[in-house]
Number of protein chains: 2
Amino acid sequence: MGVSTATVSLVLSGKAAEGRVGKEISEKIRETAKSMNYLPNGLARSLRIGRSQTIGLIVADISNPFFGTLSLYIQEEAEKFGYTVIIANTNESSTKMGEMIDILKSRQVDGYIIVPTEDGDSYITQLVESNKPLVLVDRYFPNIQTNNVIIDNYRASYDATRSLLNNGCKHICLFMYKSKLQHMIERKKGYHDALAEVNRFDEEFLFEINYANIAEDIASSVKKIVSMKKTIDGIFFTTNSISIIGIKELLNHGIEIQKQIQIVCFDKSDAFDFMNITIPYVRQPVAKMGRTSVDLLIDQITNHGDNEADLIMCKLSAKLIEYQDN
Amino acid sequence: MGVSTATVSLVLSGKAAEGRVGKEISEKIRETAKSMNYLPNGLARSLRIGRSQTIGLIVADISNPFFGTLSLYIQEEAEKFGYTVIIANTNESSTKMGEMIDILKSRQVDGYIIVPTEDGDSYITQLVESNKPLVLVDRYFPNIQTNNVIIDNYRASYDATRSLLNNGCKHICLFMYKSKLQHMIERKKGYHDALAEVNRFDEEFLFEINYANIAEDIASSVKKIVSMKKTIDGIFFTTNSISIIGIKELLNHGIEIQKQIQIVCFDKSDAFDFMNITIPYVRQPVAKMGRTSVDLLIDQITNHGDNEADLIMCKLSAKLIEYQDN
DNA sequence: CTGAAAGCGCTTACAG
DNA sequence: CTGAAAGCGCTTACAG
């Protein structure tokens, strides 16, 4: 075409304005580029400039609507800044998380947004030491210094439990995952403290579910509740998946929800609309969680080296929704 | 370290076995590579070998669990072949789809798996002409020659409508999206033919919902049904999102589902478990759809040029589930 | 059997 | 004001 690749690059990246390339040539280059559907090779570009304009997102379960929605918002926000997102999935396996970090690293992502898995501490520590921009979202490790975007799990759980107490419940159970992850521990603590305040805490009311065996564990827990000596009149379900199966089991046992047993859930489910009763739930600000994660990450990528010591723990509040309209 | 980058490359890619590099040196290279956490730069590698080992996946709505699950299976299968998946989202916008294709193209993906949007024909045609490996999944364009992985929508819809007839329904409505997309047209056709066979088709029974205005459209449609002269006793909901809102509206109107009006849905929802009635639904083989898409794509990538003319229309059957246990 | 060199497609510092 | 050249980090064909 008669011009060097360098000139083309100059024109297409908009740097021709600095009096570099003549107007007529610029125009011609832009025209032919469009007509031949030319798109620069992003790989070569990234290799040269040392940035890939890509964010690596690692979630624990992409088929879970909560993480699906989170991914959606993360992508939308990243796009605003001209970043592409590569989503990877771990299925709650820390080994898989380690593998995914390596794959993303070799693809030279500019930063990571991660929903870490249980026992994933060592992989995260390693990543922190490699000094790459990183934001943990939804979950975090209290003894690793990272940027985190989470909700106030303690508060949310405390409020949920209080509301059951306020509604007259005497014997309130907690359904949670058996997990060392901090968000679970805090949900348990919020529940515990609310009950302990009024001397109503009892170890017997705690049900720890195995993620790998969720349906059976919940079924047997509900069975146990039904046959307990103390009449259970309240349950707090601490995740959306636990809620759905939990409610199903209660219905299976013919229990009248909100009459015999009052419940509060974490996250809303479409299913709630099908019931002729209102189910209170903790609403997580998922859009804000996604957007904030991206903003924090881009900030790190952009100002990298300026003030590396400034880590942010962004704790968003989750609201207890007791009466839903629509 | 005393050895050239070339030698390192040879060793790490396992090509040292061909009598190229000595055992001791190989060992030492592998050791130091591990100890310093060395990971090859995938960008540079891809640039050199002309393949990125990456698949671009474009879905219409990642927050919809159906596409979330589909993405999950696509990723799992791709991983088996050593491919990474970049997921992009279009929100049912064809403009966005065009943009996403360009972004993925510039990132040099080796092939595309796409759930296309309405009016996205031109972008897909362009992609086909560029001769890049491509598989359309869930939806396709009958006048564009591509590899497709879909379900037998006509059959599924015909069977669903037949089952309502068999259960004694006289006046059966169809709830579908107002869309030019072939899968919708076929679902409509299956419904139409089943009814026409027994002279029960009536234009009045057709409800076309706007995706952008889904809640209001369904609400007004249900309202209309309730006040129709002919007593409606059956409804076929042709997507999961339509089903969920549709059922909610029926309940709002105090209609006893499966007594006053029998329904059949497309796809299962968690919500079904909450109802004290069984809701029949068309079960799409989502895992198989995902895996097959990847297999077909990898096949194209691998045998590219050999037999380009062989296009595959992979039509999987969907099963009508009338009685669910579990 | 091994090392040096070329080249993938870009961007940018530099020489003319 | 413009063109040629270097270099990002790999892989592989080639010379020694």
Side-chain angles (χ1 to χ4, degrees), chain A residues 1-30 32-34 36-54 56 82-84 102-111 130 132 301 304, chain B residues 1-30 32-34 36-54 56 82-84 102-111 130 132 301 304:
Chain A
M1 46 163 65
V3 291
S4 74
T5 60
T7 317
V8 175
S9 166
L10 248 8
V11 172
L12 262 41
S13 62
K15 288 186 181 136
E18 305 163 8
R20 298 279 283 108
V21 183
K23 252 189 230 171
E24 327 79 53
I25 298 187
S26 294
E27 263 316 305
K28 216 177 88 187
I29 288 177
R30 258 187 283 266
T32 44
K34 192 171 289 181
M36 69 189 288
N37 262 316
Y38 171 77
L39 277 179
N41 183 322
L43 258 36
R45 175 164 201 278
S46 298
L47 183 61
R48 177 59 233 256
I49 66 173
R51 278 176 294 122
S52 60
Q53 294 288 112
T54 304
Y83 278 78
T84 310
D102 278 354
I103 288 177
L104 294 175
K105 194 185 288 182
S106 84
R107 302 220 174 237
Q108 312 298 120
V109 297
D110 295 338
S130 81
K132 277 274 173 194
I301 293 173
H304 204 243
Chain B
M1 50 161 65
V3 290
S4 74
T5 61
T7 315
V8 175
S9 166
L10 248 9
V11 172
L12 261 39
S13 62
K15 284 182 183 139
E18 303 163 8
R20 298 277 285 110
V21 183
K23 253 189 230 170
E24 326 80 53
I25 298 187
S26 296
E27 263 317 303
K28 215 177 87 185
I29 289 178
R30 257 188 283 266
T32 45
K34 191 171 290 180
M36 68 189 286
N37 263 316
Y38 170 78
L39 277 179
N41 182 321
L43 259 34
R45 176 167 200 278
S46 298
L47 183 61
R48 176 59 233 255
I49 67 174
R51 277 176 293 122
S52 61
Q53 294 287 112
T54 304
Y83 279 78
T84 310
D102 278 354
I103 288 177
L104 294 175
K105 195 186 286 181
S106 84
R107 300 216 176 239
Q108 312 297 117
V109 296
D110 294 338
S130 80
K132 276 274 171 190
I301 293 173
H304 205 243

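Proteins come first, then strands; the chains are lettered A, B, ... in the order of their sequence lines, and each starts at number 1. Fair warning: this is a prediction, and the values are worked out from it, not measured in the lab.
For DNA chain D, the stems formed by at least three consecutive Watson-Crick or G-U pairs, with both atom-pair distances below 3.5 Å, span C:1-3 with D:14-16, C:5-12 with D:5-12, C:14-16 with D:1-3.
Residues forming a side-chain hydrogen bond (donor to acceptor under 3.5 Å, both in side chains) with B/D110 (at least two apart in sequence, or on another chain): B/S52. With sequence neighbours excluded, the residues that form a side-chain hydrogen bond (donor to acceptor under 3.5 Å, both in side chains) with A/T54 are B/R107. For A/D102, the side-chain contact (heavy atoms from CB on, under 4.5 Å) partners at least two apart in sequence or on another chain are A/K105, B/L39.
Near DNA chain D, meaning a heavy atom under 4.0 Å away, there are no residues from residues 103-111 of chain A.
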What does the B/S/- profile of nucleotides 7-12 of chain D look like, 5' to 3', with a 4.0 Å heavy-atom cutoff to protein?
BBBBBB
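When all heavy atoms of A/P40 and B/S106 are compared, the pair lying nearest together is O-CB, 3.4 Å.
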In residues 42-50 of chain B, what donor-acceptor pairs under 3.5 Å come from side-chain atoms, sequence neighbours left out?
unit_1: B/S46; atom_1: OG; unit_2: B/G42; atom_2: O; d: 2.8
unit_1: B/S46; atom_1: OG; unit_2: B/R51; atom_2: O; d: 3.2

